[in-house]
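Remember, it's a predicted structure, so these values are computed and weren't measured experimentally.
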Amino acid sequence: MAKLLSTPRLTSIRLRTVTSTLSKSSSSPIHSSPTVSPISLHSNPLLFSLYTTPLFTFRSVDNPSNNHRNFSVSAFDTKNDDVSSSSKDETKDKPVAEINGDDTAKSSTKDDQYPTGEFEFEEYGVWKSLVVKFRMLFAFPWERVRKGSVLTMKLRGQISDQLQSRFSSGLSLPQICENLMKAAYDPRISGVYLHIEPLGCGWGKVEEIRRHILDFRKSGKFIVGYAPACGEKEYYIGCACQELYAPPSAYFALYGLTVQASFLGGVFEKVGIEPQVQRIGKYKSAGDQLMRKSISDENREMLTALLDNIYGNWLEKVALTKGKKKEDIEQFVNDGVYQIERLKEESWITDIKYNDEIMSMLKERLGILKDKKLPEVDYRKYSKVRRWTLGLTGYKDQIAVIRASGSISRTRGPFSSPSSGIIAEKLIEKIRSVRESKRFKAVVLRIDSPGGDALASDLMWREIRLLAESKPVIASMADVAASGGYYMAMAAQAIVAENLTLTGSIGVVTGKFNLGNLYEKIGFNKETISRGRYAELTAAEQRPFRPEEAELFAKSAQHAYTQFRDKAALSRSMTVDKMEEVAQGRVWTGKDALSRGLVDAVGGLSRAVAIAKQKANIPQDRQVSVVELSRPSASLPEVLSGIGSSLAGADRTLKELLNDVASSDGIQAQISHFIICSSKTFIQGSYILWRMQSSVCLRKDIGVPLPTHKAKNQLLQVGIYELLLI
């Protein structure tokens, strides 16, 4: 959906990755994704907008802040008195590879030079146990947890890579992982019960959650999963649990993955729109979507490689976890199994049980009478338990974590919330405060971004480079760190990506739409008076480029690409020719990026912290405190203004938006494509921007533009905004 924002007349440049999404849609109507048309003409009383659907979509066949959070990256662990010996024995009986955390194969000798950061469980000594118990006696009321409690968490929908405020209802990856870590050490927690529903995050976050589940199992406590609706992504997490259950009517659809690419060339041809596109990088497929009617060989090659990486990784990890051969797992998928009974027979799930039956089973396991309630603590309440209470922080050496998540912009827009994407000026303040501080020995820059504004990306790149001159900086990638996201990461001294992180996309697409034929069809005319040879470069959308304009446009795009590529080569200590081989707008998975020198190691945040310790000359066996430089808590006005269910708030926001549209001389319409994401939600990728000057009214009955109240003598000018996708 297009996003409307006020914009000045100055043309901005956007850094975006041409991405897609790994999404799952169940074969059941309940879980099926809606069909999206490739292009829509959207009308309402005030604006005329054109927007497109995803460029390509991966689908499964089944349908400086003062608020810091301190915690230790690894700590001595407490022995659990509450877990039954049988559950511990069951954990110990599992294959060693299954519970040893990250089993990612190393694909280069450079990766082997870095510590793995693998979690090691060590029980507390007597003195440490006494200290923890003493702290629990004086804990805040909201930190009180009954002894023998089960931590319950529902994994469903979108999962943010940012820490969430108390007013947020969404899930946070840092808090999910922190809860699992705390639960492993907390003597009051007997085990974990995960309710797994269709997920709306990418494979990078899924891998991080899976890794923490395997780490938790090393504590000897049980972790049970329940999956009423399950696709490949959900099963990838569920199979890492000690036990996995499903109800008799569960939707299990492990049918494999597909990739789809949509093309608008034929649509534009029919409606009289001519895209004039300059594409720098043969794999930069945003230009293909606008101009072509079918997939190019280069785009097919890139999508096939991405699909093979994702599918192959899934088969390998599931086979390792289940103790089966990869060929057997693939055969099972190809059999199209949907019967829950067969899933049980072939050990894909532990048993078939309803939720209440699992609760009864857990009560029996913990020795709780049937008429008593199972002691539980949910995700949100347990997130309030401080690591200090459990003795998991307070170490001398500190490493800062700076999180950068979402699309990149230079300044905050009039309608953006404090958590809406990466605001360069805010992040730069935080980077400078860390650089000037002697408190931190090293920094981990956690990135989950498809890109955004080119100027903002370059300014942050410069600040990160300056920070890296004063202390070690390690970049850690989540779901996606491509285009502008990769621009930020390449300023670090080392880059760590997940196996299936989407990264790279070093390329440029720039262009405009010629609407001359469309205007002729609807009887619309536009005359432009200008001064300056190139004044109409992006303003005259009623005609194609003149030869000299096309030449300038092409040179501008090539210059932008050359700057991006050369800085990437400088940052990665590669020759320009070598960088050119891996640039060209191509999106890589973390595994492939490692073998091509775009990243240095494969792993999660824990490995990035371990590498930061190495770079800061901190012994690996010495405990460190990781300090999350989190966003400040939301203020009361922000909380009130963010209540989407409030009719008054919605009405006020709409009026402000319409007033802004009427009073400004230009607006931005951001049109997204997507890459690798999960069920029914998408990670934003390439953005196409264009400019619409003046205001507009469109009659719904005949579709003819009419004058607005503000400008009766002006009709809509769809001044096509320069496209620049890097």
Side-chain angles (χ1 to χ4, degrees), residues 77-94 123-124 129-130 132-156 171 175-176 178-197 212-213 216-228 237-238 240-250 340 344 349-386 389-390:
D77 306 297
T78 180
K79 186 172 183 177
N80 177 31
D81 308 325
D82 304 317
V83 184
S84 65
S85 59
S86 61
S87 66
K88 289 186 179 181
D89 293 338
E90 288 171 8
T91 302
K92 293 176 181 177
D93 290 340
K94 291 290 182 179
E123 298 197 7
Y124 284 148
S129 298
L130 289 174
V132 170
K133 290 178 180 179
F134 180 79
R135 289 180 178 180
M136 289 179 180
L137 289 175
F138 297 95
F140 293 117
W142 52 83
E143 294 185 276
R144 303 290 173 83
V145 177
R146 288 180 57 187
K147 189 175 179 64
S149 293
V150 175
L151 171 61
T152 60
M153 292 195 293
K154 289 186 178 181
L155 304 181
R156 175 172 53 199
L171 293 173
Q175 289 168 341
I176 291 172
E178 181 181 305
N179 280 355
L180 288 170
M181 181 70 70
K182 290 186 300 187
Y185 299 133
D186 196 336
R188 304 167 298 180
I189 299 296
S190 57
V192 175
Y193 180 34
L194 291 181
H195 195 111
I196 307 170
E197 295 275 5
H212 276 77
I213 291 174
F216 173 83
R217 291 181 57 179
K218 297 177 183 180
S219 68
K221 302 179 182 182
F222 68 81
I223 181 165
V224 174
Y226 177 70
I237 289 178
C241 296
Q242 184 179 342
E243 305 166 38
L244 180 62
Y245 297 92
S249 55
I340 301 300
K344 178 185 175 182
I349 61 175
T350 306
D351 202 354
I352 303 172
K353 290 182 182 293
Y354 285 105
N355 182 61
D356 63 287
E357 294 177 305
I358 298 175
M359 290 296 189
S360 298
M361 179 193 71
L362 294 179
K363 287 199 292 185
E364 183 179 351
R365 179 177 298 179
L366 298 174
I368 299 173
L369 297 177
K370 292 184 179 180
D371 58 343
K372 299 293 184 180
K373 187 178 180 181
L374 180 70
E376 300 176 63
V377 56
D378 64 18
Y379 158 85
R380 193 157 302 281
K381 180 179 179 180
Y382 198 66
S383 295
K384 299 175 184 177
V385 176
R386 295 170 299 166
T389 304
L390 301 173

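In terms of heavy atoms, L194 sits closest to C241 at CD1-SG, 3.9 Å. Closest heavy-atom contact between A183 and L151: CB-CD2, 3.9 Å. Across A246 and A227, no two heavy atoms sit closer than the pair CB-O, 3.6 Å.
Applying the ring pair (Phe, Tyr, Trp, His ring centres under 6.0 Å) test to Y382 and every residue at least two apart in sequence or in another chain returns nothing. In this view, D351 and K344 satisfy the side chain to side chain donor-acceptor pair (under 3.5 Å) rule, not counting sequence neighbours. Judged as a side-chain contact (heavy atoms from CB on, under 4.5 Å), and not counting sequence neighbours, the contacts of K372 are I368, L369. Partners of E376 by side-chain contact (heavy atoms from CB on, under 4.5 Å), not counting sequence neighbours, listed by chain and number: T152, M359, L374.
Rounded to the nearest 0.5 Å, atoms CE (M153) and CD1 (I176) are 6.5 Å apart. The CD1 atom of I237 sits 6.0 Å away from the CD1 atom of I213 when rounded to the nearest 0.5 Å. Distance check: S149 OG to I189 CD1 gives 5.5 Å after rounding to the nearest 0.5 Å.
Listed by first and then second residue, the side-chain hydrogen bond (donor to acceptor under 3.5 Å, both in side chains) pairs involving residues 353-364 are Y193-N355 (not counting sequence neighbours).
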Show which side-chain atoms of residues 136-146 pair as donor or acceptor with protein atoms under 3.5 Å away, not counting sequence neighbours.
residue	atom	partner	partner atom	Å
E143	OE1	F140	N	3.3
E143	OE1	R386	NE	3.2
E143	OE1	R386	NH2	3.1
E143	OE2	R386	N	2.8
E143	OE2	R386	NE	3.3
E143	OE2	T389	OG1	2.7
R144	NE	A139	O	3.2
R144	NH2	A139	O	2.9

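Between K221 and F216 the shortest side-chain heavy-atom distance falls below 4.5 Å.
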- Message: If you apply the rule salt bridge (Lys or Arg N to Asp or Glu O under 4.0 Å), what do you find for D186 with R188, and how did you get there?
- Response: CA-CA 5 Å; D186 196 336; R188 304 167 298 180; 2.9 Å; yes

